[in-house]
Amino acid sequence: AILIFEGEDIDGNVLLAGGTIGATEDDASFSGTMSMSGAATVLTFDGLDPEFNNSMRDVEYHQVTFIGSVSLQSGASLSVLDSGGGEFHLACDVDLGPNGLVEGARFDLEDGKTLSGSGSIVGVVDVDNGTLSPGNSAGSLTISELLLSATSHLEFELGSQSDQIAVTDYLVLDGTIDIEALSGFGPGSYRLLTFPAGGEGFLDNGLLLGEIPFGFSPGNFSIEVGDGLVDLNVIHEPSSLTVLAFASVCALARRRRGG
């Protein structure tokens, strides 16, 4: 299937099992819901001309922007072919599914937009007042370049199996992380992110702790940034109420023995 945007804004729902999306004359935006089940391609140059057997016409660079939502079914992929000047932006909610692949796109997660799922993103993910939620339940996400800001939100599920993000080129660490407990969560160390060691591919602006599992307090957690890794360390000391209750039981037992 081939979808060609003739310089118009598209508002509708599309199931794309493969094929090509192109902006042929002017910049185009898509505000519907796109579900991908196969290998799809985005052309950010002058698109395709059916009159010339789908050959490339004169190269004129345009921007294709998705502002609706995109979901990738199991094994689906989305690739961007760019000859050097076009742009493809995902300014929308994106669900990569259990093992999605997106190549060449730029993710602009603003105004509460969310990127979720597992798989690989060969490109830039810029999170500014948006949410990054790796994993399909628990799972891993690989990103070439991850840019977080003070208004970024990370959502991680941790337990016997945990979410993790691997950044291959460059990481700006910032924002707030919310923790949800899965089966097996407890005291220990959890690997949150990895990034290139050596300092050149990393800027640390500080990651803050947000929501935490029931029964824990902020003092039970510490975020440790090392050379090429970001870990969450969890200790679970008894709360003051638990200590007080235990002391009361012990005192009552002593009185009974003394009586």
Side-chain angles (χ1 to χ4, degrees), residues 93-96 98 107 109-110 112-119 121 125-143 145-199 201-249:
D93 294 323
V94 179
D95 181 6
L96 294 177
F107 290 74
L109 301 180
E110 302 177 348
K113 303 302 182 184
T114 298
L115 168 60
S116 59
S118 299
I121 297 172
V125 176
D126 189 351
V127 187
D128 185 6
N129 196 31
T131 299
L132 179 56
S133 180
N136 193 269
S137 188
S140 61
L141 178 60
T142 300
I143 301 173
E145 187 171 338
L146 176 58
L147 310 177
L148 301 174
S149 70
T151 57
S152 300
H153 285 84
L154 301 177
E155 295 180 348
F156 276 67
E157 295 177 316
L158 303 178
S160 299
Q161 295 182 332
S162 301
D163 293 333
Q164 187 176 128
I165 297 175
V167 180
T168 59
D169 293 338
Y170 189 74
L171 168 65
V172 176
L173 186 66
D174 209 332
T176 302
I177 183 170
D178 295 336
I179 303 299
E180 180 178 344
L182 296 180
S183 175
F185 179 78
S189 182
Y190 298 87
R191 182 66 39 85
L192 302 177
L193 299 102
T194 61
F195 58 90
F202 178 61
L203 176 62
D204 185 7
N205 291 330
L207 182 62
L208 302 178
L209 188 66
E211 297 182 5
I212 57 177
F214 177 78
F216 291 81
S217 66
N220 298 135
F221 299 88
S222 65
I223 296 174
E224 179 181 357
V225 179
D227 190 17
L229 56 88
V230 180
D231 288 345
L232 179 73
N233 298 316
V234 182
I235 59 173
H236 197 181
E237 298 175 347
S239 67
S240 58
L241 290 177
T242 302
V243 173
L244 181 60
F246 180 74
S248 299
V249 170

On a heavy-atom basis, which atom in I223 and which in V230 lie closest, and how many Å separate them?
CG2-CG1, 4.0 Å
Short side-chain to backbone donor-acceptor contact, D227 and G198, under 3.5 Å:
yes
Smallest heavy-atom separation, L192 atom then F156 atom, equals O-CE2, 3.4 Å
Return the set of residues passing side chain to side chain donor-acceptor pair (under 3.5 Å) with Q161 (not counting sequence neighbours), or none when no residue passes.
none
Looking at residues at least two apart in the chain, or sitting in another chain, which of them share a ring pair (Phe, Tyr, Trp, His ring centres under 6.0 Å) with Y170?
none
Just to verify, what does D95 make a side chain to side chain donor-acceptor pair (under 3.5 Å) with, not counting sequence neighbours?
none
Separation between CD1 (I177) and NE2 (H153), nearest 0.5 Å, reads 11.5 Å
Could you list the residues that satisfy side chain to side chain contact (heavy atoms under 4.5 Å, CB included) with S160, not counting sequence neighbours?
none
Contacts of A181 meeting side chain to side chain contact (heavy atoms under 4.5 Å, CB included) (sequence neighbours excluded), chain-then-number -> F185, P213
Checking S183 now: which residues fulfil side chain to side chain donor-acceptor pair (under 3.5 Å) with it, not counting sequence neighbours?
none
Assess whether side chain to side chain contact (heavy atoms under 4.5 Å, CB included) is satisfied between T194 and V167, documenting all intermediate values.
CA-CA 6 Å; T194 61; V167 180; over 6 Å; no
What is the distance from atom CG of L171 to atom CD1 of I165, rounded to the nearest 0.5 Å?
8.5 Å
Distance from R191 atom CZ to L232 atom CG, nearest 0.5 Å?
11.5 Å
To the nearest 0.5 Å, tell me how far L154 CG sits from D163 CG.
10.5 Å
Minimum heavy-atom separation for I212 and P218, please, with both atom names.
CD1-N, 3.6 Å
Contacts of type side chain to side chain donor-acceptor pair (under 3.5 Å), residue D204, not counting sequence neighbours
none
Heavy-atom nearest pair, L209 first then F221, reads CD2-CB, 3.6 Å
Does the pair L193 and L146 meet the rule for a side chain to side chain contact (heavy atoms under 4.5 Å, CB included), with working shown?
CA-CA 11 Å; L193 299 102; L146 176 58; 4.0 Å; yes
Is there a side-chain contact between F107 and V127, using heavy atoms and a 4.5 Å cut-off?
no
Does a side-chain heavy-atom distance below 4.5 Å link N205 with V172?
yes
For F202, what residues pass the ring pair (Phe, Tyr, Trp, His ring centres under 6.0 Å) criterion, not counting sequence neighbours?
F195
Do V125 and L109 come within less than 4.5 Å of each other through their side chains, counting heavy atoms only?
yes
Minimal non-hydrogen separation, D93 against T114, with atom names
OD1-N, 2.8 Å
Considering non-hydrogen atoms only, spot the tightest contact between P98 and S118 and give its length.
O-CB, 3.2 Å
Sequence neighbours left out, what passes side chain to side chain contact (heavy atoms under 4.5 Å, CB included) with L208? Give chain and number order.
T176
Can you check whether L115 reaches I121 side chain to side chain, under 4.5 Å on heavy atoms?
yes
Show every salt bridge (charged side-chain N to carboxylate O under 4.0 Å, His left out) that has at least one partner inside residues 171-185, sequence neighbours left out.
none
For I235, is there any backbone N or O sitting under 3.5 Å from a side-chain donor or acceptor partner on N220?
yes
Return each pair, listed once, that meets salt bridge (charged side-chain N to carboxylate O under 4.0 Å, His left out) where at least one residue sits in residues 149-161; pairs must be two or more places apart or across chains.
none
Would you mind writing out the side-chain donor-acceptor pairs for residues 128-140 within the sub-3.5 Å range, not counting sequence neighbours?
from: D128; atom 1: OD1; to: S149; atom 2: OG; distance (Å): 3.4
from: D128; atom 1: OD1; to: T151; atom 2: OG1; distance (Å): 2.9

